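All values derive from a computational prediction rather than experimental measurement.
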Amino acid sequence: MRAGQQLASMLRWTRAWRLPREGLGPHGPSFARVPVAPSSSSGGRGGAEPRLLDGEAALPAVVFLHGLFGSKTNFSSIAKILAQQTGRRVLTVDARNHGDSPHSPDMSYEIMSQDLQELLPQLGLVPCAVVGHSMGGKTAMLLALQRPELVERLIAVDISPVESTGVSHFATYVAAMRAINIPDELPRSHARKLADEQLSSVVQDMVVRQFLLTNLVEVDGRFVWKVNLDALTQHLDKILAFPQSPSHHPEIMRLFPRAQMQTVPNTGHWIHADRPQDFIAAIRGFLV
């Protein structure tokens, strides 16, 4: 899908999902190459839409970018709380080839940054505060470097502007997901259990398996992956890359000389899931 078509789809569904603040409160063919799941299979969440919670237009909006294998729903609860507590507009968006966004054979930080460079101004959300986790953090950093006038503040969560190391398990995850074999017309609960059992031989961590399985959806009686495994397989080296540096902090300070470091204790890679309240407090402290 061309970038312009993808943007039009995202914009159409964003307008449909603009909410008032008072309302906040072995390889089977269906897995090797699958279309994005339609809205009817996504639990009523809609199509390829970002989700925008309304707030004060005078305040910079907050934009959440998820990590690899993730989706905008990773930040749904945090986005609502942050909108309530700060009065800001908050946008959660699916990266291309993830969640409800269209599949594309092209995937790189340059093109994901370009997606945002086109989307955010058309939504009237610039300059904005961008919160990016993992892959989303790298996208956010590149966006800030390429178009600093669009980014009022930048929060990169558990990621640095360097080549990611020690994450060869991501390629293992993709291979394991591609190898899943689920019979058609199997009840959803049985399908998820079967998928979990098949993944468990490769992915021992139950939490990680459950996270990966958030991408498994039913479409017309068949179970497919929302995430575009073909594109991830082809471009994983790009996703794990960034300009190399012997140490993270010097490279961070070279690219972002006003950067501040903050640690959230007792967490793993998915900080927003491990310690959501501390995560929100850290964001609010930085937005002030």
Side-chain angles (χ1 to χ4, degrees), residues 60-70 74-75 78-79 82 86 88 90-93 95-96 98 107-117 119-120 125-171 232 235-288:
V62 180
V63 177
F64 282 93
L65 306 178
H66 64 80
L68 186 62
F69 302 116
N74 298 158
F75 292 108
I78 286 172
L82 197 67
T86 68
R88 295 176 183 245
V90 181
L91 180 77
T92 56
V93 60
R96 58 172 55 211
H98 287 72
M107 191 167 185
S108 67
Y109 286 114
E110 290 81 4
I111 201 166
M112 287 189 285
S113 172
Q114 185 63 42
D115 288 341
L116 294 169
Q117 291 176 39
L119 176 67
L120 297 177
L125 298 181
V126 294
C128 59
V130 185
V131 183
H133 172 248
S134 196
M135 179 187 76
K138 286 188 176 182
T139 303
M141 286 185 278
L142 187 59
L143 175 68
L145 292 169
Q146 291 180 327
R147 297 288 302 277
E149 74 277 12
L150 303 184
V151 181
E152 189 261 346
R153 299 191 184 213
L154 168 66
I155 301 175
V157 183
D158 202 41
I159 200 68
S160 300
V162 299
E163 183 176 0
S164 300
T165 59
V167 289
S168 60
H169 50 270
F170 283 150
L232 295 189
H235 299 294
L236 191 59
D237 57 336
K238 297 178 184 177
I239 303 304
L240 301 181
F242 214 81
Q244 293 188 5
S245 174
S247 174
H248 292 201
H249 285 195
E251 184 70 355
I252 291 172
M253 300 311 299
R254 182 182 74 82
L255 295 173
F256 305 99
R258 298 176 60 190
Q260 303 172 25
M261 308 292 179
Q262 183 166 346
T263 300
V264 177
N266 303 315
T267 65
H269 180 56
W270 290 283
I271 298 170
H272 48 287
D274 293 340
R275 307 282 291 191
Q277 295 301 323
D278 292 344
F279 181 66
I280 292 170
I283 293 175
R284 290 190 62 186
F286 188 69
L287 294 176
V288 174

key: Heavy-atom pair with the smallest gap, counting every atom of L154 and A144   = CD2-CB, 4.0 Å
key: Verdict with reasoning, Y109 to K238, per side-chain contact (heavy atoms from CB on, under 4.5 Å)   = CA-CA 8 Å; Y109 286 114; K238 297 178 184 177; 5.8 Å; no
remark   = Taking every heavy atom of I159 against every heavy atom of M141, the minimum-distance pair comes out as CG2-CE, 3.8 Å
message = Just so I know, are the side chains of L145 and F256 near enough to count as touching, which here means a heavy-atom distance under 4.5 Å?
response = yes
ask   = How far apart are the closest heavy atoms of P60 and R88, and which atoms are they?
value = O-NH1, 2.8 Å
ask   = Should I252 and P161 count as side-chain neighbours, where that means a heavy-atom distance under 4.5 Å?
value = yes
query = Is F64 close to I283 at the side-chain level, that is, under 4.5 Å between some pair of heavy atoms?
reply = yes
query = Are any of the side-chain heavy atoms of L143 and L120 separated by less than 4.5 Å?
reply = yes
task = Grab the two heavy atoms, one from Q146 and one from S113, that are nearest each other, plus how far apart they are.
result = OE1-OG, 2.7 Å
inquiry  = Distance check, rounded to the nearest 0.5 Å: H133 atom NE2 versus L68 atom CG?
reply    = 10.5 Å
request  = Give the minimum heavy-atom separation between A282 and Q262, together with the two atoms involved.
outcome  = CB-NE2, 3.4 Å
query = Tell me, do I239 and M107 make a side-chain contact under 4.5 Å, heavy atoms counted?
reply = yes
query = Could you give the distance from CG (D115) to OG1 (T139), rounded to the nearest 0.5 Å?
reply = 9.0 Å
inquiry  = With rounding to the nearest 0.5 angstrom, report the CG to CD1 distance, L82 to I280.
reply    = 6.5 Å
message = Can you confirm whether more than 12 heavy atoms, excluding those of E149, are under 6.0 Å from its CD atom?
response = yes
key: Student check: side-chain heavy atoms of M253 and M261 closer than 4.5 Å   = yes
query = Is R275 reaching over with its side chain to a backbone N or O of V264, donor-acceptor style, under 3.5 angstrom?
reply = no
ask   = In Å, rounded to the nearest 0.5 Å, how long is the span from CE of M112 to NZ of K138?
value = 9.5 Å
ask   = Less than 4.5 Å apart, any side-chain heavy atom of L232 and any of H98?
value = yes
request  = Nearest 0.5 Å please: distance from the NE2 atom of H272 over to the CG atom of N74.
outcome  = 5.0 Å
request  = Nearest 0.5 Å please: distance from the CG atom of L125 over to the CG atom of L116.
outcome  = 11.0 Å
ask   = Is there a side-chain contact between F279 and V131, using heavy atoms and a 4.5 Å cut-off?
value = yes
ask   = For G67 and S134, which heavy atoms make the closest approach, and how far apart are they?
value = CA-CB, 4.1 Å
